[in-house]
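Here's the structure, in structure tokens; my notes come after.
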Amino acid sequence: MTTDNLATQLKRSIRRGRVLTAPAQLAGYDTDGLGYKFYRPDAVVIPADADELIELLRDSRTLNLPVTIRGAGTSLSGGPVAAQGGIVVHTSSLKKVRTICREGYWCEVESSVVLNQLDATLLPYGLFYPPDPSSGPVCTLGGNIAMNAGGAHCFRYGVTSNYVLGLEVVLLDGTVHRFGGPAGGRGDWREDWKRLMVGSEGTLGAFTRFWLRLLPRPEKVWTYRATFNDLQSAERAIQALALHASFPVAIELMDPRCVAMVENSPMAVGLPKDAFLIVTEIDGPAVLVDSRAEAVENLLRDSGASSVEYSDDEAKRKGLWKARKVAGGLMGQISPDFLVQDAVIPKSALADLLQLVYDEADAAGLPAVNVFHAGDGNLHPNFLFDSRKPGEIEKVEAISKRLMQRVVDVGGTLSGEHGIGNDKTAYMSFIFDEFTMHLQLAVPKLFNARHQLNPLKVFASRRFHQDGESAPTLTGCDEHLPSGGESDVLSAKSSRARLFEPFFDPIDGVMCGPSTMTAADINSQATAHGFRFPLLLDPYLPLNEQLMASGFASASSRFGPYCDNILGMNWSLPSGRIVRIGERVVKSTTGYDLLRFLLNSNGRLGKPLDLVLRLRPDCGMNGVVTLRGRVMAVTQAAAALLATCWIHWFDAVDVLFDGSSETCQLRIALNCPVAEWSVYERFLAEFATNYSLLMSSEMQASLVPDGCPDFVIKTTPDQALQLAREITSGYQVTCVVLCYNGVVHGYCRQNTTDIRSQVSDIIDCHLSSLVEVSGDWQSRHLPGISPRGVEAEWMNLLEQEFASV
Amino acid sequence: MDEFAGTGVRLGMTVPQIPTSTTAAALQPCTSPLDKRDLLTSCVHCGLCLEVCPTYQLSGDENNSPRGRLRLWREEAEGRLQPDPWTVNYTAECVGCLACESACPANVPYGEFLEQARHAHVAAGRIRTPWNLRIAATLAARPSLFKFAMSPVRLLRRWGVLPHRFLFSGSPALWQSTASYAQQLMKQYRPTGPRVGLLTGCLMESVFREINFATVRVLIENNVQVFVPANQGCCGAMQEHLGLDGVDELRQHNRNVFQHLHLDAVVCNSSGCGLATGKALNESIPVRDVLDFLGERNLVKRKRSDVEESTRVYVDLPCHLVHGQKLAGIPKSVLDATGYHWELAPQARDCCGSGGVYNLQQSENAQEILARKSAFLNEAQGEPVILATSNHVCMMQWNSARASRLVQRPYSVRHVIQLLDPLSLT
């Protein structure tokens, strides 16, 4: 097709937007933040709105060219580039923040809203959206969600996938689907398709809108900058911070090479050039966080820090962050190119991996500096090179390959927050064996079988084949692969199956055990090391049964649903074959997120055999505070409590409706150091007085789990209390509302003769209002509803793919 | 803490060695001048410049951003892209606000590349400078001629006749120059403080001379000795904007004029001229923005009458002040000394679209940028409302918001120095 013909064809769907085809209009789009690999597209289009984007994808069959969606192009992994030519679709016009629901803790935004702009918009509401990649001033939410972005503060707050409630996606046939929504449930769908979309790197569809979960903004922040003479002391500090009751939001490390780079520049801040540097931050309610400030300083000094500076003053805090923040830009000043890797490792292997980086870089004669998210074990070794010098790219890629192999050998993964793009496809066979690779590739088969969307990304075998060409088979895709040279599928064939063995890692706070383990089994290992697994519905039932009953437990208020606390699993496929899904490190964006999808699926695709659990530090004591009163007062109090940043520190904020139309209770569970109990108690006592509630508190008492619910309803936080009230007044059931999650756990009376019909009645009565907000329901007493229409097609295809492994 | 039961892992058993080959010496940042190709590679393509770029905001087209333009220039410089009219278009669409320089973590000297590209495009005949701007640039380089040619405009302004949207109200002296006025006041008041030279500027002296007069008054009132060489010339900013030859000669001329006056500083009351003069004097004499200079002195404060209690001043920060000269802004002490209730205009650090002669060359873009930025004035509190800034080109642009009916309510445009002027008291 000639350029003119292509432009004419594109202008049929892009009438109000722009179509760019001149060489100098394409050059600006031939790379991303990776910056040294260039792929010139055949055309760039900038749709004027979502309608034009839909129209364009509807015409994609006729266009018969690869289509790559691009936001701000800040990806560091070669994501939004036209690796196989074709059309780059720049979504820069989709920039509206459409709704902010203060009481529901969600917002609806278009896909090209810039991250920091969203933050500025949320500021007057006292809310924030936690993921914070360094490119925040410019990166778009579309890019963040496509790559499952992280950032310095995700050590405590988690990554993008923890905050996506729903998304609107345009598929290649031009159909528009909403997976999830304000409530974050499945809505009309039977499966949780949004899980596959988050982190799919633009290979499944084009995002147009998102519904995002928000948190109350922390009231106060303290920032610390500490230097260490050796890695051993720095590691000691990282470990002590990770276990500390202040739950730092960020733990960042710079190695001496990086510190020296900053200190040799005009950005110098006066640090010793041979020191390791840790920047960490704590936040929370002022009264709480102020009381912890000195303890964190002592912790750093006791770990061996040679200097500690800290402040709660905005300008001074900025100064403490400066060395960390300027490091990335300085690399651009001293080197024409740099490559940053994004591996996540078990923290116990940190010294080993850093040594490898130094040895390899020194042997190759290339400078390398390390500046990374140490709390998560998310390494960012930066290799500085000059792509114009023959052989330097090859050297860097060879080092990267050996590095990645070692990362995988020690139990790590390829990417924690940058995504795979086309930069890391060559290493995917280190992670996925023949079978898991097949399962991974089944995902694009559902939505983008010809790989027309963003080909050659995530998996090198994802090559677009034009009409008339034969589709690539799993073994027939060995031509024109990106650097690394091997077909991921071919090499995967030879790799051995990787399954999780039972383990307990007291440094990362991660353990693997059978899915049938109970609370006692978990605690028998966790307690001794100062950890706990707070998400329990029942003290005696096996974990897999609890998972079947609900995706949430009371502690989901603080730690999120089960699927955010399970990192990996051995999964038994319908054929009986066992495969490994997910990782054993706390952060991963390596491949499609089958883990969360399968954990939320209804069992047709298999079941978990072993689970890798993310544990949480046990801060010393548990306590339960109950505020009782009139229904209206309790519901108002619950809403007011959610609006404070104290909820970051409560394991549970539940309202219990036990059938009384007059009264109910607000139940708050705590896990904190003994010394802090009085601070919490004082705050809650004042709170109870303000709302005329009767408070009773029980120190040293664990929250007794309520047991597996008979039914679960997921809605938005602002609707859950009213819904539970209606249900308890109409039926003989008890409801526990997990307030921040918008989840209602329903328990039928033991003497109920026909639980199934009662639950059916309740669901039928509220179904339409639930679907409206993309809520959903589940009940262990009722069979799942079969999917219909296009979802049935997708599920059938997925089942076939899973069955063939 | 070193050992954790259950894993047998000892923390930090292998402490990384830091070989000398890649420590301090090898990691020295580039401080010496590199050739153009090397500097172009200093852009790491991070994209942090996109959101601060007014033309990217307008077009949503990445080629129309600093990262995109640097990419096009590099591609052409390295021969991978044939000279293309679109490269010229995207270069011409740049306002030159330099907000990207403030956002750039790699300190890419974007402004220098822009000047080089503009000059190269004009020199190679890839873009034609409109005849009216060529004439204006020729006149600007000949101050006496320019002043004479503009005398009817000064007269019209004195009469209150403002026939163009860029002409804001004011009453410039018709024939007395700033140089002669400064001499007169120096003799009269005999200040004893620091010695400064004042760059009068070509358009400022020819059309908006009353601002220069106010500057002289404020400096002398604050005990600063002011010297205004009558033979000073244009700073060269206009030629630079247009990509024309002759910039070096203009800079050399002003170097010769100022460097023998034993000055503590040369002060400028227009941030664009200040940026260009800084390049001309090349650190031989400190070049200071006059407001920044005054911020270090214990200023005489203006007292306002009760009538002026309801006046609100909205301060806009010129791009070439905050992004070009890299100043934090206009000192608070200076703004407080005006005696007015003031606050920064929303998006005060963002471009207003004036960009030297940009509002003439790319008037549509300039209007759109201004429309977004000036909208707040329609609802702004205060009566009357003053929009104050410190660059005459920005003042012209802000004035055009009223003339073009982007702002529907009355407001006046003033230079901050005019608000400090002892003669500004009502």
Side-chain angles (χ1 to χ4, degrees), chain A residues 18 20 22-25 27-29 31-33 35 46 72-74 90 92-93 114 135 137-138 230-233 235-236 239-240 255-257 260-261 264-266 273-274 303 326 328-334 336-338 348 351-352 354-355 358 361-362 365 367-368 504-507 529, chain B residues 1-2 4-7 9 11-19 21-31 38 41-52 56 59-65 67-69 71-72 75-76 80-82 84-87 89-90 103-108:
Chain A
R18 302 186 65 187
L20 315 179
Q25 293 182 300
Y29 287 90
T31 189
D32 59 355
I46 307 173
T74 54
H90 190 190
S92 52
S93 62
V114 170
S135 52
V138 59
D230 55 80
L231 181 61
Q232 198 172 13
S233 312
E235 283 187 293
R236 205 179 293 131
Q239 186 60 13
D255 73 352
R257 296 181 186 212
M261 177 183 77
N264 288 331
S265 79
K273 289 179 190 173
D274 54 354
S303 303
V326 301
L330 281 175
M331 289 174 216
Q333 291 184 45
I334 62 176
D337 298 290
F338 70 92
S348 54
D352 179 29
L354 284 184
Q355 191 66 66
Y358 295 140
D362 292 346
F504 189 92
D505 179 346
I507 295 179
H529 296 285
Chain B
M1 287 292 289
D2 283 2
F4 296 92
T7 60
V9 173
L11 287 180
M13 279 175 63
T14 321
V15 179
Q17 302 301 307
I18 305 157
S21 64
T22 48
T23 48
L27 293 174
Q28 283 285 357
C30 304
T31 48
D38 276 336
T41 64
S42 64
C43 171
V44 293
H45 235 259
C46 65
L48 286 175
C49 52
L50 295 182
E51 279 303 306
V52 298
Y56 177 73
S59 65
D61 179 350
E62 200 170 313
N63 299 294
N64 220 344
S65 75
R67 175 168 82 167
R69 294 186 194 102
R71 179 98 199 99
L72 301 187
E75 286 295 279
E76 283 201 3
R80 286 192 297 271
L81 186 67
Q82 292 303 308
D84 188 317
W86 278 103
T87 308
N89 279 2
Y90 287 126
C104 180
N107 283 345
V108 175

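Letters go in sequence order (proteins before strands), and every chain restarts at 1.
Between B:Leu81 and A:Pro23, the shortest heavy-atom contact is CD1-CB, 3.6 Å. Residues B:Leu72 and A:Ala27 share a closest heavy-atom pair of CD2-CB, 3.4 Å. Here the closest heavy-atom approach between residue B:Ser59 and residue A:Arg18 is recorded as CB-NH1, 3.9 Å.
The contact between B:Glu75 and chain A is made entirely by side chain atoms (from C-beta outward), counting heavy-atom distances below 4.5 Å. Residue contact with chain B, scored on non-hydrogen atoms closer than 4.5 Å, is absent for A:Ser93. Using a 4.5 Å cut-off between heavy atoms, B:Arg69 makes no contact with chain A at all. Looking at A:Asp32, only its backbone comes within 4.5 Å of chain B, counting heavy atoms on both sides.
Considering only heavy-atom pairs separated by less than 4.5 Å from chain A, the leading option among B:Gly47, B:Gly68, B:Cys104, B:Pro85 is B:Gly47. Counting heavy-atom pairs closer than 4.5 Å to chain A, the top residue among B:Asp84, B:Val52, B:Asn63 is B:Asn63. Considering only heavy-atom pairs separated by less than 4.5 Å from chain B, the leading option among A:Ala22, A:Gly33, A:Ala24 is A:Ala24. Per-residue counts of heavy-atom pairs under 4.5 Å with chain B were compared for A:Gly328, A:Ser303, A:Gly73, A:Gly35; the largest is that of A:Gly73.
Side chains of A:Tyr29 and B:Asp61 form a contact here, defined as non-hydrogen atoms less than 4.5 Å apart. Between A:Thr31 and B:Arg71 there is a side-chain heavy-atom pair separated by less than 4.5 Å. Looking at A:Ser92 and B:Tyr56, their side chains come closer than 4.5 Å, going by heavy atoms from C-beta outward.
Within the model, atoms CG of B:Asn64 and CD1 of A:Ile46 stand 9.0 Å from one another, a figure rounded to the nearest 0.5 Å. In this structure, A:Gln333 CD and B:Asn107 CG are separated by 4.0 Å, a value rounded to the nearest 0.5 Å.
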